[in-house]
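So you know, we letter chains A, B, ... as the sequences are listed, proteins then strands, and number each from 1. Every value quoted in this text rests on a predicted model; they were computed, and no experiment measured them.
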Number of protein chains: 2
Amino acid sequence: MEIDKYTSQEKLLVAVDCIIFGFDGKVLKALLIKRGIEPEIGKWSLMGGFVNKNESADQAAIRVLYQLTGLTDIYMEQLYCFSEVDRDSAGRVVSIAYFALINISNYNHQIEHGHEAMWFPLNEIPDLIFDHKSMVIKAKDTLKRKVASNPIGFELLPPKFTLPQLQNLYEAIYEAPLDKRNFMRKILSLDILIKLEEKEKESSRKGAFYYVFNRELYSKFEHEGLRFV
Amino acid sequence: MEIDKYTSQEKLLVAVDCIIFGFDGKVLKALLIKRGIEPEIGKWSLMGGFVNKNESADQAAIRVLYQLTGLTDIYMEQLYCFSEVDRDSAGRVVSIAYFALINISNYNHQIEHGHEAMWFPLNEIPDLIFDHKSMVIKAKDTLKRKVASNPIGFELLPPKFTLPQLQNLYEAIYEAPLDKRNFMRKILSLDILIKLEEKEKESSRKGAFYYVFNRELYSKFEHEGLRFV
DNA sequence: CCAAAAGTGTTTCTATTACACCCATGT
DNA sequence: ACATGGGTGTAATAGAAACACTTTTGG
């Protein structure tokens, strides 16, 4: 049984596309796939799929991401709805773009999923189908803006991370160097990180202390009241 | 002739809904209409309509606004795409919400358009159909955030306005009083307003100088580099 | 002459920036 | 012993916040 009292209205195909960001310690990357269906089969593309009648766009984005990468429980946020009439050369498709932030090491483990997926540094994104390039650009802008006042950068790092790692991340997002002392002071003054006794010893002889982000400490602020950079 | 190679995919109804903000000199308001179609006919609602196959969501929003108010050339921005499966009780409709900023005196002139439209102060919004209330709330949040770093507040005022009027607007949006001297200094230091010789004499005996926003002066900054408050 | 709103400066405080050396450790 | 990246403090500057009186003019 289906209710639908809006007869004689034109329906449209509705899709989701995901800009998946990852950080390898040095540069920000986006995950792309070789498109598996016509048209434009074989070209690089964002991960996407259609929204079914029984699911919301959020649910579709989560499903698509899971089907194509096997990933669950990842940070995802609606970016923008792209709806130019001719944006898809094969039909009228409205696409709701999402951006996702993932800890890149979580995905390299499960690349065996078989899809031809590949990480591209953001300044080496190849030609993409349709309007996917502008989706990536908008996602990058939005990330840059949001990361300054929301605690979402942590989503791109492992649960335990060092301050130099966090700083590298911010430098990659801003494409600008930051002062080590000022950065440390500012981040620590927010009082949302917990310092562990343990040290990361891979990338230096001295070793850098691990920290974890503490959501409880952050939630005191709630209403976007923090400046991270 | 119609191309559409994505056969066997479910299509959905796609709509736009507009949160129209106005400012009467004292309080921020939203323009609502009594819904003219079933279901929920006669209840208060945002202005909305379906997206046709041959138009983008932006175009649909502009069209809907024109059809319902007669207004053209107004500031409008995509807010968010609402797509919960049950958001519309009469069928599966994905709605792309837009917010519009208008100079309220432009619309009071043409209220003869016959639709049962009415301005409501933002803190006196009645019950609205579907998820329209959450659209209004999100629009208000977004406006609050954007107005701090983008020169969009001016869209809510007449072309010529006084600094006290501008301050009242910011106070209404922030729901907080601002210091007159600090506000004036900050706004004028941005160097994007041009002072006219003319004074507004309605609201005080002394009269307040008119200013106009100068888009050329602003465009030097471009990349969201300004803080208005 | 008075009520009502416009306009005007200075000081305090807080946040941001700039900057250079020592520390710990594995090889 | 040395090379490598981690960790630390202080001074200068700029921006934000607090604050009260004078000006204009229509009635």
Side-chain angles (χ1 to χ4, degrees), chain A residues 23-27 147-149 157-158 160-172 174-212 221 224-229, chain B residues 23-27 144 147-149 157-158 160-212 221 224-229:
Chain A
F23 178 63
D24 69 359
K26 289 280 186 193
V27 297
V147 86
S149 50
L157 295 173
K160 294 191 302 191
F161 53 86
T162 67
L163 293 184
Q165 285 169 359
L166 186 62
Q167 182 175 341
N168 286 341
L169 171 63
Y170 275 88
E171 290 178 330
Y174 287 121
E175 299 171 288
L178 297 172
D179 181 86
K180 193 165 43 160
R181 283 169 290 191
N182 293 339
F183 180 78
M184 226 175 159
R185 183 182 18 251
K186 191 152 180 184
I187 290 290
L188 292 179
S189 74
L190 299 178
D191 197 33
I192 54 173
L193 296 186
I194 295 170
K195 185 178 185 171
L196 306 182
E197 287 310 308
E198 197 184 352
K199 276 187 169 185
E200 188 273 342
K201 308 275 290 180
E202 300 282 305
S203 52
S204 77
R205 307 186 193 266
K206 184 177 179 179
F209 282 105
Y210 277 121
Y211 288 79
V212 293
F221 303 94
E224 311 214 3
L226 285 193
R227 294 216 73 74
F228 287 80
V229 186
Chain B
F23 179 63
D24 69 359
K26 289 281 188 193
V27 299
K144 209 164 180 167
V147 84
S149 50
L157 294 173
K160 294 190 301 190
F161 52 86
T162 67
L163 292 184
Q165 285 169 357
L166 186 62
Q167 182 175 341
N168 286 341
L169 171 63
Y170 275 89
E171 290 179 330
I173 294 175
Y174 286 121
E175 300 173 286
L178 297 173
D179 181 87
K180 193 165 41 160
R181 283 169 288 190
N182 292 339
F183 180 79
M184 226 175 159
R185 181 180 22 249
K186 191 152 180 184
I187 291 289
L188 292 179
S189 74
L190 299 177
D191 198 32
I192 54 173
L193 297 185
I194 294 171
K195 185 178 185 172
L196 305 183
E197 287 310 308
E198 199 185 349
K199 277 188 167 184
E200 187 273 343
K201 309 275 290 180
E202 300 281 304
S203 52
S204 78
R205 307 188 193 262
K206 186 177 178 181
F209 282 105
Y210 277 119
Y211 288 79
V212 293
F221 303 94
E224 311 214 3
L226 285 195
R227 296 216 72 75
F228 287 80
V229 188

- Can you check the R227(A) CZ to dT17(C) C1' distance for me, whole Å? 16 Å
- Whole-Å gap separating P (dT14(C)) and CG (N182(B)): 15 Å
- Note on the structure: Of the listed dT8(D), dA5(C), dG27(D), the closest approach to the S204(B) side chain comes from dA5(C)
- Message: Quick check: closest heavy atoms across F209(B) and Y211(B), and the distance to 0.1 Å?
- Response: O-CD1, 3.5 Å
- Can you name the closest pair of heavy atoms from R227(B) and L190(B) and give their distance? O-CD2, 4.0 Å
- Message: Expressed as a whole number of angstroms, how long is the span from K186(B):NZ to dA17(D):C1'?
- Response: 10 Å
- Message: Could you report the tightest heavy-atom contact between N182(A) and D179(A), atom names first, then the distance?
- Response: N-OD2, 2.9 Å
- Query: Tell me: NZ of K195(A) to C1' of dG6(D), nearest whole Å?
  - Reply: 10 Å
- Rounding to a whole Å, what distance do you find between Y210(A):OH and dG7(D):C1'? 17 Å
- Message: A quick test of your reading: do over 12 heavy atoms of other residues, nucleotides or ligands sit less than 6.0 Å from NZ of K26(A)?
- Response: no
- In whole angstrom, what separates E200(A)'s CD from dG7(D)'s P? 10 Å
- Query: Rounded to whole angstrom units, what separation is found between the CZ atom of R181(B) and the C1' atom of dT10(C)?
  - Reply: 9 Å
- Task: Select from K199(B) and R185(A) the residue whose nearest nucleotide in DNA chain C is closer to the 5' end of that strand.
- Result: K199(B)
- To the nearest angstrom, the CZ-C1' distance between F183(B) and dG15(D) comes to 17 Å
- Query: Reckon S203(B) touches a base, only the sugar-phosphate, or nothing at all at heavy-atom distances under 4.0 Å?
  - Reply: sugar-phosphate
- Query: Do F161(A) and Y210(A) have ring centres separated by under 6.0 Å?
  - Reply: no
- Tell me, which of residues 168-177 of chain B have any heavy atom that sits under 4.0 Å from an atom in DNA chain C? none
- Query: What nucleotide, of dG7(C), dT8(D), dG26(D), holds the atom closest to the side chain of K201(B)?
  - Reply: dG26(D)
- Item | Exercise: identify the closest heavy-atom pair between T162(A) and E200(A) | CG2-CB, 3.5 Å
- Task: Determine, stepwise, if the pair E175(B) / K144(B) fulfils salt bridge (Lys or Arg N to Asp or Glu O under 4.0 Å).
- Result: CA-CA 10 Å; E175(B) 300 173 286; K144(B) 209 164 180 167; 3.4 Å; yes
- Task: Would you kindly compare K180(A) and K206(A) by the position of their nearest DNA chain C nucleotide and give the one closer to the 5′ end?
- Result: K180(A)
